[in-house]
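Everything on this sheet refers to the single structure shown next.
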Amino acid sequence: MRELITDPELGARTIDFERITETVDDKGRAVLVTVGDNAVGIIQPAPGEELERLPDADRGKDSIMVFITVRLTAGRDGEKPDRVLHDGRRYRVSLAEFWPGDDGYTKALAVLEEETPDA
C-alpha cells in the first residue's frame, strides 16, 4: 500500500500537518505547542460509507480521507487530534487507523475545522 500512497502518478504529494502537544511553562502552567511537519501521502474526498463512521457532530462537515506515510492521531489519552493542512484549510483528524509494519501508513478521516475570525 505504501507504494501506492507515495506514487506521484496516483496523486501523492507532500502533506503538511500539525501536532499539538501540551507542555508546562516556567511558571508551571500548561501551554499548548503546535509543531508543523510533513510527509508524503494522498488526499481524497471522503466517501459516504466512511462518513457514517464519524461522530454525529462531525457528519455534516466537509471531510477528507488521508493516506499518509506517518502515524497521525485523532487524539486520545490526553493527546490533541492532529491537523491536516489542505487547500489553505485546516482539517482535524477525527478517525485514524495506523497500519503497522515496514510499510506502515495511516488511513485518516479529517473534518474541516470551524474557521474563527482573527481577533
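Keep in mind that what you see is a predicted model, and the values were worked out from it rather than measured.
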Ala110 and Tyr91: which non-hydrogen atoms are nearest, and at how many Å?
CB-CB, 3.7 Å
Sequence neighbours excluded - salt bridge (charged side-chain N to carboxylate O under 4.0 Å, His left out) pairs with any residue from residues 21-33:
none
Identify the two heavy atoms, one from Pro55 and one from Ser94, that lie closest to each other, and give their separation to 0.1 Å.
CD-OG, 3.6 Å
Would you say Thr69's side chain and Ala39's backbone share a donor-acceptor pair under 3.5 angstrom?
no
Rounded to the nearest 0.5 Å, how far apart are OG1 of Thr34 and CZ of Arg19?
11.5 Å
Establish whether Val40 and Val84 are linked, either directly or via other cluster members, by ILVMFWY side-chain heavy-atom contacts under 4.5 Å.
no
Taking a hydrophobic cluster as the set of Ile, Leu, Val, Met, Phe, Trp and Tyr residues connected by side-chain heavy atoms closer than 4.5 Å, whether directly or through intermediates, do Leu51 and Met65 fall within one such cluster?
yes
Which pairs, with at least one residue in residues 44-57 and sequence neighbours excluded, count as a salt bridge (charged side-chain N to carboxylate O under 4.0 Å, His left out)?
Glu50-Arg53, Glu50-Lys107, Arg53-Glu97, Asp56-Arg59
Sequence-distant partners of Thr73, side chain to side chain donor-acceptor pair (under 3.5 Å), two or more places apart
Glu79
Verdict with reasoning, Leu95 to Leu54, per side-chain contact (heavy atoms from CB on, under 4.5 Å):
CA-CA 7 Å; Leu95 295 171; Leu54 288 171; 4.3 Å; yes
Check whether Ser63 reaches the backbone of Ala46 with its side chain - one donor and one acceptor, N or O, closer than 3.5 Å.
no
Sequence neighbours left out, cut at 3.5 Å: what donor-acceptor pairs do the side chains of residues 3-18 make with other protein atoms?
| unit_1 | atom_1 | unit_2 | atom_2 | d |
| --- | --- | --- | --- | --- |
| Thr6 | OG1 | Arg2 | O | 2.9 |
| Thr6 | OG1 | Glu3 | O | 3.4 |
| Asp7 | OD1 | Glu9 | N | 2.8 |
| Arg13 | NH2 | His86 | ND1 | 2.7 |
| Glu18 | OE1 | Arg90 | NE | 2.9 |
| Glu18 | OE1 | Arg90 | NH2 | 3.4 |
| Glu18 | OE2 | Arg90 | NH2 | 2.9 |

Applied to residues 60-70, the salt bridge (charged side-chain N to carboxylate O under 4.0 Å, His left out) test, sequence neighbours excluded, yields Asp58-Lys61, Asp62-Arg89
Partner set under side chain to side chain donor-acceptor pair (under 3.5 Å) for Arg71, not counting sequence neighbours
none
Compare every heavy atom of Phe67 with every heavy atom of Tyr105, then report the nearest pair and how far apart it is.
CE1-CD2, 4.3 Å
Note, Ile20 side chain near Arg83 side chain (heavy atom, < 4.5 Å)
yes
